[in-house]
Amino acid sequence: MKDVHSSRSAHEQQQIKLWSDRLSQMAEEDKLEPIKGSQAYRGEQAAAISDEDLLAVFQGRPREDEHQTTKKTWRIRTTQELDDWAAAGAREEHINTSALVRKAVAEYLEHHHRTALSA
């Protein structure tokens, strides 16, 4: 996979670093505010988002740079009720339905078929 940074000029890399440093400084000074109406905005009194929730927000589809030996696309049939329920659950967790399904399948297998992975 091509290194994204190698295609950027030294000036672009410096600009990105300066921007990143400014954002870090603003975060340290507690000057960053969530955008009201954004999917991750949960209100002024909401508990801080956990690391697990944050990873789920950005999880999306598996990344190419994880060097997976195979990639599979599942096509499944479901009821309208289960589809609606999954969509609602995904909205509550601020992730897409595919990420919710991957998370649900992984949790199910972890709890019910832990030894199957070594088979």
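Start at 1 with the first residue, then count along the sequence. In this text the structure is predicted, and so the values were computed from the model without any measurement.
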More than 12 non-hydrogen atoms from neighbouring residues, nucleotides or ligands closer than 6.0 Å to NE2 on H11, yes or no? no
Report yes or no: does S20 contribute a side-chain atom to a donor-acceptor pair with the main-chain N or O of I16 at less than 3.5 Å? no
When you group the ILVMFWY residues by side-chain heavy-atom contacts below 4.5 Å and let the links chain together, are W85 and I95 in the same group? no
Does H111 have more than 12 heavy atoms from other residues, nucleotides or ligands lying within 6.0 Å of its NE2? no
Sequence neighbours left out, what pairs pass salt bridge (charged side-chain N to carboxylate O under 4.0 Å, His left out) with at least one residue falling in residues 16-25? K17-D21
Residues two or more places apart in sequence or in another chain: which of them pass side chain to side chain donor-acceptor pair (under 3.5 Å) with Q80? D84
If every non-hydrogen atom of A87 is compared with every non-hydrogen atom of T97, which pair is closest and at what distance? CA-OG1, 4.1 Å
Treating Ile, Leu, Val, Met, Phe, Trp and Tyr as nodes and any side-chain heavy-atom pair under 4.5 angstrom as an edge, say whether Y108 and L100 lie in one connected cluster. no
A quick test of your reading: do over 12 heavy atoms of other residues, nucleotides or ligands sit less than 6.0 Å from CD of E29? yes
Nearest 0.5 Å, what's the CD-CD distance between E28 and Q25? 7.0 Å
